Amino acid sequence: MFIAFRREVEAALEAALDDLGYPTGDLGIEEPPADVPAVLASSVAFRLASDAQAPPPQVAGEIADAIDLSAADLVADVSTQGPYVNFTPSDAYFQGTLEDAQADEWGRLPDTGESVVVEHTSANPTGPVHVGRARNPILGDALARILDFAGYDVTKEYYVNDAGRQMAVFTWAYETFDESDLPEPERDKPDYDFVRYYRKGNEFLEEGDPAAVEEAEAEIASIIEGLDEGDEDTLERTSEVVDTVLGGMQETLGRLPAEFDEFVKETRFLRDGSTHEVVDRLQDSEYAFKEEGAWQLDLDDWDIEQSFVFLRSDDTTLYTTRDLAHHEWKFDSFDSAITVLGEDQELHANKLEAALDILGNDTDQLEAVFYAWVNLPGGESMSTRQGTGVDMDDLLDEAVNRAEDAVRSRLDDRIRGDDLTEADVERIARQVGIGAVRYDIVSKQPTKAITFDWEDALDFEGQSAPYVQYAHARACGISAEAGDLEPSLDAAPLDTQAERDLLEGIARFPAVVEAAAADREPHQVATFAREFVDTFNAFYRSCPVVSDDVDDDTAAARLALVDAARNTLANALGVLGIESPDSM
RNA sequence: GGGCACGUAGCUCAGUUCGGACAGAGCGUCUGGCUUCUAACCAGACGGCCGGGGGUUCGAAUCCCCUCGUGCCCGCCA
């Protein structure tokens, strides 16, 4: 409704400005402060004042007088408040909102007919997922959900780096060391089991006897070479390590939940020859040169000083070379490609884009979303290789445990007589605990660095997932208490300020989805959800539904309003990847 | 040294694209509110030269320039 309202305002305002002989390039449409009883306003009078040689309020009056709302259905009235031109909603706006928001998928936008691949996480399969990388799956998964809800045909991709030096080291270490030389695994899970070989291997390469290290390096080099040539035996050796570790990581990511449509392996682009074909094409390009035995690209024309090495002096390819073939596959398969990357990848991403440009691709299809690091208190960074950092499994376990404690401590002073079963307690603990972790990360601008703090991440009060989830559970509680009362889709009785504010919030939701998708900013939905709950709680406080004090028509209409609000809450949480408990 | 980000209340953050109504929340502190649809909630108080300095503008947290502080990157690693 809000989107349609905005269209009506734009049309009416543009026509009025045109009639008055004013430019229509900038309509100055904005959302007014909360205490102004308008859905949209225009500040255009400021800009026209000097042109019109009249003070802004007078120009605003002139514009308001010229606006013809006879064709508008959702805009009831236009008025001025000082220099502002305000547009207030009609009964049809509220009525339409109440009806439309009954849909389970309220907020979903029409299909765009465009496909987009969202690549996120893509952590190297070297060991357990740690919190340092947690932003990637949480942000990426939410972004994919939002784009899906905004009408895109979304494919969620995990790009598996199974061909680089890291995997060669890992494979060599797995084949070389004996389990008896390793510490106990931190968890009975394949990724925790295998990472011990990886850490042991790296330790050996850093501190081992030089002659033995040289021998090991030769073996590692032969694995890299075998992979590069697409040698089946080598692929089989590495794939045992890759698939096992990745399986463990998937299990952890699944708890968030972050699930993928495709796991695309880097080795795929070596097997099918496309990486070497890319190398051939690059060598023929005018930007290619060979220096110290390595083939590279001069990216001066893209304002990148550093050259792009695409073939080592031993003629093997690099990660970035294979990533070029990978991205050409994306361009062939989808209309556009979004990659969620740590900010440390930015230079790499820019070089990649330049090289794709050289290869003749339309790089407008490519977009990267960057996020800043999650650090440990004290400035220590998280590393799989060194084994520093907080494992995501530990964070999620702790979150669920704390949520369970919270649920149990509240059991005694619950007013409602709905006995929660043991299964309910576990369900709520999981939904709330994991929701809190997700919300803590997804609600912030990704470009801001975060210092990980257990207390902040696991705060169940205030601006948190549980705050929004609780409102949802309350809405469910009202419906459950309503008994025989049938909801009525008549907005007329909903005439108090609290009810109108709630309807206005519901109406805005699709526009929030639209903006969050267009800007690739999931946190916009999180901000909306928090603010919407404030509105819902105000309604909850002042407008009883199931009460003897309320007449039947009003109660029935309020019940429909609660349903609409519940759908809004559930879908806002849904696109953030957070569950909506029916009870808490 | 160069590039990219970030700097808003004691703390954690919205708002910055695309300048516009007195700069908003939460946490913490203080005061109140559960026999009333769930108090993981609500009402109120306290708390800001929006890092600093210039500039553009009728108007700047928002745009431009300079400066200070912090993070990330600058490999024939990924």
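Values below: every heavy atom of this structure, side chains too, minus hydrogens, waters and symmetry copies. In the text below, chain A, chain B and the rest are named by the order of the sequence lines, each starting its count at 1. Remember, it's a predicted structure, so these values are computed and weren't measured experimentally.
Here the P atom of nucleotide A40(B) and the CG atom of Asp440(A) are 21 Å apart, to the nearest Å. The CZ-P distance, from Arg135(A) to G71(B), rounds to 16 Å in whole Å. Distance CG (Asp534(A)) to P (A25(B)): 9 Å, rounded to an integer number of Å. Rounded to whole Å, atom P of G26(B) lies 19 Å from atom CZ of Phe460(A). The distance between atom CD of Glu346(A) and atom P of G3(B), rounded to the nearest whole Å, is 13 Å.
Nucleotides G2(B) and U12(B) are separated by 33 Å at their C1' atoms, to the nearest Å. Taking atom P in both C50(B) and U36(B), one finds a spacing of 47 Å when rounded to whole Å. For the P atom pair drawn from U29(B) and A23(B), the interatomic distance equals 27 Å after rounding to whole Å. Atom name C1', nucleotides C77(B) and U17(B): the rounded distance is 35 Å, in whole Å. With both ends at atom P, the span from U62(B) to G53(B) equals 12 Å, rounded to whole Å.
At a threshold of 4.0 angstrom between heavy atoms, the contacts of Gln345(A) include nucleobase atoms, whether or not backbone atoms are also involved. If you check every strand for non-hydrogen atoms under 4.0 Å, Arg402(A) touches nothing. Using a 4.0 Å heavy-atom criterion, one finds that Asp51(A) contacts no nucleic acid atom at all. Among the protein residues, Val562(A) comes within range of no part of the nucleic acid, since none of its heavy atoms lies under 4.0 Å from any strand. Ala41(A) comes within 4.0 angstrom of a base, heavy atoms only. Across all strands, Asp549(A) comes closer than 4.0 Å to no nucleic acid atom at all (heavy-atom distances). Val309(A) comes within contact range of the sugar-phosphate backbone alone, with a heavy-atom separation under 4.0 Å but no base atom that close. In this structure, Asp35(A) reaches the bases: a heavy-atom distance under 4.0 Å links it to at least one base atom across the strands shown. Within the 4.0 angstrom heavy-atom criterion, only backbone atoms of the sugar-phosphate kind lie near Tyr467(A); the bases stay farther away.
Using Watson-Crick or G-U wobble geometry with both donor-acceptor distances under 3.5 Å, G71(B) finds its partner in C4(B). The base-pairing partner of A45(B), taking Watson-Crick or G-U wobble contacts with both distances under 3.5 Å, is U29(B). The partner of G59(B) cannot be assigned: no Watson-Crick or G-U wobble pair with both contacts below 3.5 Å exists in any strand.
Ranked by how close their nearest RNA chain B nucleotide is to the 5' end, Ser464(A) and Gln166(A) are led by Ser464(A). Between Pro446(A) and Asn537(A), the residue whose closest nucleotide on RNA chain B is further toward the 5' end is Pro446(A).
OP1 or OP2 of A14(B) sits under 4.0 Å from a side-chain N or O of Gln445(A). Look at Tyr319(A) and you won't find any side-chain N or O under 4.0 angstrom from OP1 or OP2 of A78(B). In this model, the phosphate group of A5(B) is not approached by any side-chain N or O of Tyr371(A) to a distance below 4.0 Å at OP1 or OP2. Here Lys351(A) does not reach the OP1 or OP2 of C73(B): none of its side-chain N or O atoms lies under 4.0 Å away. For the OP1/OP2 pair of G7(B) and a distance below 4.0 Å, the side-chain nitrogens and oxygens of Lys448(A) include at least one atom meeting the criterion. Checking the phosphate oxygens (OP1, OP2) of C74(B), no side-chain nitrogen or oxygen of His348(A) falls inside 4.0 Å. Between Arg312(A) and G75(B), a side-chain N or O to OP1/OP2 separation shorter than 4.0 Å is absent. Distances shown here put a side-chain N or O of Arg474(A) below 4.0 Å from the OP1 or OP2 atom of A39(B). Taking only side-chain nitrogens and oxygens, Gln296(A) never comes nearer than 4.0 Å to OP1 or OP2 of C76(B). Proximity of Arg165(A) to the phosphate of C77(B): no side-chain N or O atom is located under 4.0 Å from OP1 or OP2.
Residue-to-nucleotide contacts include no donor-acceptor pair under 3.5 Å from the side chain of Arg530(A) to the base of G26(B). The base of A25(B) is paired with the side chain of Gln463(A) by a donor and an acceptor separated by under 3.5 Å. With hydrogens and angles left out, the side chain of Asp344(A) and the base of A78(B) share no donor-acceptor pair within 3.5 Å. Contact annotation: side chain of Thr447(A) to base of C6(B), donor-acceptor pair absent below 3.5 Å.
Between Tyr84(A) and Phe46(A), the ring planes are perpendicular. Angles over 60° get that label, and only those under 30° would be called parallel. Ring-plane geometry between Tyr159(A) and Tyr319(A) is classed as tilted, the angle between the planes lying from 30 to 60 degrees on a 0 to 90 degree scale.
For the pair Leu205(A)/Glu217(A), a side-chain contact is recorded, criterion being any heavy-atom separation below 4.5 Å from C-beta on. Under the 4.5 Å side-chain criterion, counting only non-hydrogen atoms from C-beta, Leu143(A) is in contact with Arg520(A). In this structure, the side chains of Trp373(A) and Arg133(A) come closer than 4.5 Å at one or more pairs of heavy atoms.
Base orientation of C41(B): anti (glycosidic angle beyond 90° from 0).
Aromatic stacking of Phe370(A) on A5(B): not satisfied for centres closer than 5.5 Å together with planes under 30 degrees. Remark: ring of Tyr84(A) overlaps the six-membered base ring of A21(B) in a stacked fashion, centroids less than 5.5 Å apart, planes less than 30° apart.
Within the model, atoms CZ of Phe87(A) and OG of Ser42(A) stand 6.0 Å from one another, a figure rounded to the nearest 0.5 Å.
Both tests pass for Arg474(A) against the ring of Tyr540(A): distance under 6.0 Å to the centre and angle within 45° of the axis.
With Glu579(A) as reference, Arg430(A) is the one residue of Arg427(A), Arg430(A), Gln469(A) to meet the side chain to side chain donor-acceptor pair (under 3.5 Å) rule.
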